[in-house]
Asks: 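Have a look at this one.
Within every chain, numbering begins at 1; the chains are lettered A, B, ... in the order of the sequence lines, protein sequences first and strands thereafter. Both backbone and side-chain heavy atoms feed into the values below; hydrogens, waters and symmetry mates do not.
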Protein chains: 4
Amino acid sequence: MPPQNETKRHRILDAARQVCSQNGYEAARMDDIAHVAGVSKGTLYNFFESKESLLIATVLATHEDFVVVLPAVSDPNLDPRLRLEALVDSLADGFDGITQHIVLSHLTWSAVLTSPSGRQQLLATLRSIYSGYEQQLQSILQAGIESGVLRPDIDIPVVIANWIAIYDGLLYRAGFEEDDPSPAYTAAGVRRSLTWLTEQLLVADSTHPKVELEEETVRP
Amino acid sequence: MPPQNETKRHRILDAARQVCSQNGYEAARMDDIAHVAGVSKGTLYNFFESKESLLIATVLATHEDFVVVLPAVSDPNLDPRLRLEALVDSLADGFDGITQHIVLSHLTWSAVLTSPSGRQQLLATLRSIYSGYEQQLQSILQAGIESGVLRPDIDIPVVIANWIAIYDGLLYRAGFEEDDPSPAYTAAGVRRSLTWLTEQLLVADSTHPKVELEEETVRP
Amino acid sequence: MPPQNETKRHRILDAARQVCSQNGYEAARMDDIAHVAGVSKGTLYNFFESKESLLIATVLATHEDFVVVLPAVSDPNLDPRLRLEALVDSLADGFDGITQHIVLSHLTWSAVLTSPSGRQQLLATLRSIYSGYEQQLQSILQAGIESGVLRPDIDIPVVIANWIAIYDGLLYRAGFEEDDPSPAYTAAGVRRSLTWLTEQLLVADSTHPKVELEEETVRP
Amino acid sequence: MPPQNETKRHRILDAARQVCSQNGYEAARMDDIAHVAGVSKGTLYNFFESKESLLIATVLATHEDFVVVLPAVSDPNLDPRLRLEALVDSLADGFDGITQHIVLSHLTWSAVLTSPSGRQQLLATLRSIYSGYEQQLQSILQAGIESGVLRPDIDIPVVIANWIAIYDGLLYRAGFEEDDPSPAYTAAGVRRSLTWLTEQLLVADSTHPKVELEEETVRP
DNA sequence: AATGAATGAGACTTCATTCAT
DNA sequence: TATGAATGAAGTCTCATTCAT
């Protein structure tokens, strides 16, 4: 497939994402997508078999776009606390496109409900994305416990589940608070929530040390 | 409005919920809803202005059905730890109708995206439901701190946000794990996750007491 | 099905026949058929599943319309020569709607080629119609031989096949001569051709008696 | 026009015939024809103005392919009975490609119905083909009567019309019996039917002589 | 108040034809 | 001259909504 085509395919996927974001999948008309992509309706069908398959491709591509991993997160030589911080940063920074996330979720469910084949494809992709996050967390927590930075009695599966649930939950909720978001459902809120979770994991030198600042001052 | 009509209205709303659950709002046909409700298509329009307004009414009614409050949770005279436990129980027990929750969420977004007027109504309802949970948590946490059962340095807004986010996040995720759910995304998982959260809030008599059993027996 | 509906169904079938006759099945638009039938497009689909099934129903109905049997043909008490004459008359008289026959044939093949299920239905109907003619001829010829009016050495299957083939062949050919038909491909031509065939079957009293007039005068 | 082009034109016509045979003219896509012909879609338009003109050219070419004349049939020095036999043989032998004949007929009507201009061209071609057969028969019958082999009272136009009608009618009918043809609608059936017709034309030496074998042996 | 046949706007999709390469 | 990606007109079919009964 020549690069020209790849570009055009991207244009179509972007257009589809954009148009679907307005009013959802069903309300998106192929005419509109073609118009936004700057191609004709027929060209849409040269790249995608049907509206449904265009939707699925759009959802898959969008999910992949949202997956960002900082090198710092996966570097096993770094202090686990720094790696957790980096992960928090990464997640908080990605929290900006809230609406897109929510619409994406809606589109995903449209696809899952509409297309039996799309369902398998999408669920597999989602599990793979989640699995990536879980493995990263697992590796950091394990390293943290072994290095004595994190409490040895941590119930790793529960902490992982909660970490991800907090992120998803805030994202989900943010969708409904879009018009006038409370501070909890913003990038800053994500940072605060996950930082709080991180604090619960640290070994209690003093009763409850703050991760962020004290670590520098403690070492004289 | 005679009870006969109220019954029929209910039948229609139930039918709408049921039909929408299959393939989403757009795929639900008024014919099908009428058929399932056991009325004619015309009757649908005697009760609801349009398909859109039927959707909104359905979503609102369903949301209200999901709101359950245990007396134990709101009783200010009980031990705050017991009240938190009761809340965990209530939430975990309600986790069974996962699919319905997810579909409800999808329908809600269909409505929000479809209807500019419905948007306000729905968001207001959702905020009010969330607000109820938040106030309950607030009251419990406050009472817990004042009574010395919970740690005095708790950042109440963050804990509330996380509590709700964990629940929503697990619910959200469970939707994608429906086919073969991992233990984290079941009623038991909810119980474990929220219990873990609760444990982080307790005053540390011993290093990390388990809430459930030790509290009654430890104090002589 | 109330009579009102039956009427409307007929109107639709007539409209379909009419519109298809102009330019064939593929060129016929559902919009046009609806317009000609005086109903809306949606109503078409209340009566027929698809354009294809409307076509098949149209072809079947038209075939049935063309089947005409005179009582005289099947009356076993009549002189077989009279019965053959009556059959010739019936076939010749039905030769008027030539164009319709040809277009019908074309439509039939459209249906046979297009729809695997329609194929079976149509071929079965055609066989049944042909079978009716064949049985009638068989009965007349048999009676004719037994009564000594027809030659005893007639090869009945061959004569039947030829009788029907002559009719079909003239019909087929007439379609291509429509603009300026030679006398052979008109009702009169059919009469002449089949009469000739009949003459070959008669017992040779004199060398080759004419069936039509002489039969009355021969019996003194 | 270099032979290369002529070859390519042939390939296209063959491909068109083949593709049209599957599902009729309307269902044949230019893409498919190009693919089967092994050329690009653009090339199709270098050889034919439009799909319609390609259809007409295809039908004309196919009709010409079907026209076969045996030298024996037209040789005026042969015994007219032998010439009739030869014609029967020729027609019966050509009866094998039944399906093709039927599809050809269907295509012809597609063309006639579709293209007002093609209509004249096609009908002219058909008349010319038929005319050739008619003249051959005319010449044979005339010779037969003059030489005393055939009955002097033959109504030549009627016999010609019937001869051709029998052939066309059997062909037409065979199309509908394709799945499970009765013996009447096969090459053998054609032979039997036309032989029967021939027998009716012979001068009655004995009451009803068989053409094939007896003619040579009976006369001492 | 209830019914459901009729309506027709609007969506998806196909495919003959064009034209830049 | 050959190619095949792009085009967009046109057709089928769906389904929310209406309204006569």
Asks: Could you state the atom-to-atom distance from NE2 of B:H35 to P of F:dC15 in whole Å?
Replies: 16 Å

Asks: Look up atom CZ in C:R9 and atom CG in C:L44, then write down how far apart they are to the nearest 0.5 Å.
Replies: 11.5 Å

Asks: Quick one: pull up CZ in A:R17 and OG1 in A:T58 and give me the separation to the nearest 0.5 Å.
Replies: 8.0 Å

Asks: Figure out the CG/C1' separation between A:N23 and E:dA11, and round it to whole Å.
Replies: 15 Å

Asks: From C:E52 CD over to C:Y25 OH, what is the distance, rounded to the nearest 0.5 angstrom?
Replies: 5.5 Å

Asks: Which letter, B, S or -, goes with each nucleotide of nucleotides 13-21 of chain E from 5' to 3', with contact meaning a protein heavy atom under 4.0 Å?
Replies: BBSSBB---

Asks: Dot-bracket, DNA chain F: Watson-Crick or G-U, under 3.5 angstrom, [ ] crossing, | other strand?
Replies: .||||||||||||||||||||

Asks: Phosphate oxygens OP1/OP2 of E:dA6: is one of them under 4.0 Å from a side-chain N or O of C:K8?
Replies: yes

Asks: If the threshold is 4.0 Å, N to carboxylate O, is there a salt bridge linking A:K41 and A:D32?
Replies: no

Asks: Considering residues at least two apart in sequence or located in another chain, which fulfil the side chain to side chain donor-acceptor pair (under 3.5 Å) criterion with C:Q18?
Replies: none

Asks: Between A:T108 and A:S105, is any side-chain donor less than 3.5 angstrom from a side-chain acceptor?
Replies: no

Asks: Hey, does the side chain of D:S40 come within less than 4.0 Å of F:dG4's phosphate (OP1/OP2), counting only N and O?
Replies: no

Asks: To the closest 0.5 Å, what do you measure between CD1 (A:I33) and CG (A:L54)?
Replies: 5.0 Å

Asks: Rounded to the nearest angstrom, tell me the gap between atom CZ in C:F47 and atom P in E:dT7.
Replies: 10 Å

Asks: Rounded to whole Å, how long is the line connecting atom CD1 of A:I12 with atom P of F:dA5?
Replies: 13 Å

Asks: Between D:D14 and D:R11, does any NZ, NE, NH1 or NH2 come within less than 4.0 Å of an OD or OE carboxylate oxygen?
Replies: no

Asks: Find the distance A:L44:CG to E:dC12:P and express it as a whole number of Å.
Replies: 10 Å

